[in-house]
Number of protein chains: 2
Amino acid sequence: MTLQRSVMREQIKELVIQRILEGTYKPGDRVVELQLVQELGVSQAPVREALRDLEAMRLIETEPYRGARVREVTPEELTESYPVRAALEELAGQLASTLATEETFTLLEAEMQNMHDAAEANDQHGLLVHDARFHEVIVEAAGNSVLLDSWGGLRIEAFTLVSVIKSQLDLGAIAQTHQPIVDALRQRDADLTGKVMRDHIEHFGSTLFGGTTHV
Amino acid sequence: MTLQRSVMREQIKELVIQRILEGTYKPGDRVVELQLVQELGVSQAPVREALRDLEAMRLIETEPYRGARVREVTPEELTESYPVRAALEELAGQLASTLATEETFTLLEAEMQNMHDAAEANDQHGLLVHDARFHEVIVEAAGNSVLLDSWGGLRIEAFTLVSVIKSQLDLGAIAQTHQPIVDALRQRDADLTGKVMRDHIEHFGSTLFGGTTHV
DNA sequence: TCCTAAGCGATTATCGATAATCTAGAGCGA
DNA sequence: TCGCTCTAGATTATCGATAATCGCTTAGGA
């Protein structure tokens, strides 16, 4: 942890994000300012500013004079996020179908390969990371920065990782379901691509909850 | 400025937001920390934290050691936001059509009245505020907090206010176009409501750019 | 015993000062 | 004159310390 490319606040932010995603900080855990201050040997100011950022990113919650804690991602919230994802990614698919370049397809196929590799190795974490990246590539290809921000605001990786990490999924099957998306994109058919994206998300959403019925 | 209901940071944030929306701080203007410090008689820390929040809200942009300035809302960005709004509000309409209560309708009709009043008084600012609130009521009625957050993240009021303030619109006509939405909701027809919402947004978007063709 | 309230330890919020960095402009050499 | 370096002023980033607040404990009284 000797990097110092940017301002301290950014480094602290990255560190805490990493710990949340890795599970070092678990949902509900408190994030105490002075603890980080001591551990990192910095002052309180940059820590506080980093926490403000993380609050805006919805990774933590804070209450005045009561501190910050890692946000609980409730099953309700995860459930609710899928219709929103579906709506946004349907739009992304429509837009991307006319804007996708060869580079887009190269990226998508690379991520598909990565997903298959991860499935092979039974690496759930890796699969989900590459899955998220696959979708991100499409949203980027849609060429709409507002859409990209909105989608990014859903924190797909974080939510999915945190919540699914325990369930048993058929990783190979998940990797496989991305092929139709690429096919539709290649056909340059906006409506079809949109529909395929929507179905894909909704299917993944229900699979997820099929696999983790309990709370 | 003697209020002090909550923590200072929140008050400072509110103040700056108000100034941006009012136009006291115009897009591109610098927001200097020490200036606010002097003016408000507070220390730099809460000002900086407020600015971090505003940055996350995308009302300002900051660069390390170069300070904050009010974000330019480019015409491109406004253009891009409409498809996203349309997608989100289509979903909101679908969900709200089954969940809307009598209270929802009461609120919607009140806002419609407010819009008509504002149109009568040729009060563009007022019309847009109530327009935004009308849509917000529907998104709230959809009962999906993730959707509500995503929609809120678009900062409809801010963007619209900042950008449209100069153009000449037929206020009465705008107020009028909200009736079909309420009608569709009352019919409890999800697909219809979704479609009406989408058309409404897309129509408003193109009207806007019809009226403000120039940059 | 039960209730109340004052006190204490822990933590956050704010302060005032210092260090780091940027920007514009003066001075200087070619 | 032009271009470059360097310095001064302005501004942001960070620091170390203090004030405010919270939750819990516990002493005291009925």
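Chain letters run A, B, ... following the sequence lines, proteins first, then strands; residues in each count from 1.
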field: For Glu22(A), all residues meeting side chain to side chain contact (heavy atoms under 4.5 Å, CB included), sequence neighbours excluded
entry: Gln18(A), Thr24(A)

Rounding to an integer number of Å, can you tell me how far [X] [atom1] sits from [N] [atom2]?
| X | N | atom1 | atom2 | answer |
| --- | --- | --- | --- | --- |
| Arg52(A) | dT14(C) | CZ | C1' | 12 Å |
| Glu63(A) | dT21(D) | CD | P | 16 Å |
| Gln38(B) | dT11(D) | CD | C1' | 13 Å |
| Glu49(A) | dA13(C) | CD | P | 13 Å |
| Arg9(B) | dA13(C) | CZ | C1' | 8 Å |
| Ile12(B) | dT14(C) | CD1 | C1' | 10 Å |
| Gln11(A) | dA13(D) | CD | C1' | 12 Å |
| Lys13(B) | dA13(C) | NZ | C1' | 15 Å |

message: Tell me which pairs pass salt bridge (Lys or Arg N to Asp or Glu O under 4.0 Å) where either residue lies in residues 26-37 of chain B, with sequence neighbours left out.
response: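 Those involving residues 26-37 of chain B are Glu33(B)-Arg48(B).
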
statement: Taken to the nearest 0.5 Å, the spacing of Ser97(B) OG from Met197(B) CE works out to 11.0 Å

Spacing of OG1 belonging to Thr104(A) relative to CG belonging to Leu99(A), to within rounding of 0.5 Å: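 These two atoms lie 8.5 Å from each other.
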
query: Where the side chain of Arg48(A) is defined as all heavy atoms beyond and including C-beta, which of dT12(D), dA13(C), dT14(D) is the nearest nucleotide?
result: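 It is dA13(C).
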
- prompt: For the side chain of Pro46(A), counting heavy atoms from C-beta on, which of dT14(C), dC15(D), dA13(D) is nearest?
  reply: dC15(D)

Please write out the pairs of protein N or O atoms and N or O atoms of nucleotides 16-19 of chain D separated by less than 3.5 Å, giving the distance to one decimal.
| from | atom 1 | to | atom 2 | distance (Å) |
| --- | --- | --- | --- | --- |
| dA17(D) | N6 | Gln44(A) | OE1 | 3.4 |

dT12(C) OP1/OP2 closer than 4.0 Å to side-chain N/O of Arg30(A): yes

Any N/O pairs under 3.5 Å between the protein and nucleotides 6-8 of chain D? List them or say none.
none

field: Verdict with reasoning, Glu39(A) to Arg19(A), per salt bridge (Lys or Arg N to Asp or Glu O under 4.0 Å)
entry: CA-CA 14 Å; Glu39(A) 178 186 342; Arg19(A) 288 188 177 178; 2.5 Å; yes

query: Closest heavy-atom contact between Val42(B) and Val37(B)?
result: O-CG1, 3.0 Å

Quick check against the 3.5 Å criterion: does [X] have a side-chain atom that pairs as donor or acceptor with the backbone of [Y]?
| X | Y | value |
| --- | --- | --- |
| Ser150(B) | Leu147(B) | no |
| Glu55(B) | Ile60(B) | no |
| Arg198(B) | Glu90(B) | no |

task: Could you pull out all residues at least two apart from His200(A) that satisfy ring-ring contact (aromatic ring centres under 6.0 Å, His included)?
output: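 By the ring-ring contact (aromatic ring centres under 6.0 Å, His included) rule, His200(A) matches His135(A), His178(A).
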
Would you tabulate the nitrogen or oxygen pairs shorter than 3.5 Å linking the protein to nucleotides 23-25 of chain C?
| from | atom 1 | to | atom 2 | distance (Å) |
| --- | --- | --- | --- | --- |
| dT23(C) | OP1 | Arg66(B) | NE | 2.4 |
| dT23(C) | OP1 | Arg66(B) | NH2 | 2.7 |

query: For Val31(A), which contact category applies under a 4.0 Å heavy-atom criterion: base, sugar-phosphate, or nothing?
result: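 The residue Val31(A) makes sugar-phosphate contact but no base contact.
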
field: Carboxylate-amine/guanidinium contact Arg52(A) Glu10(B), below 4.0 Å
entry: no

message: Looking at Glu120(B), I'd like to know if its CD atom is crowded, meaning that more than 12 non-hydrogen atoms belonging to other residues, nucleotides or ligands lie closer than 6.0 Å.
response: no

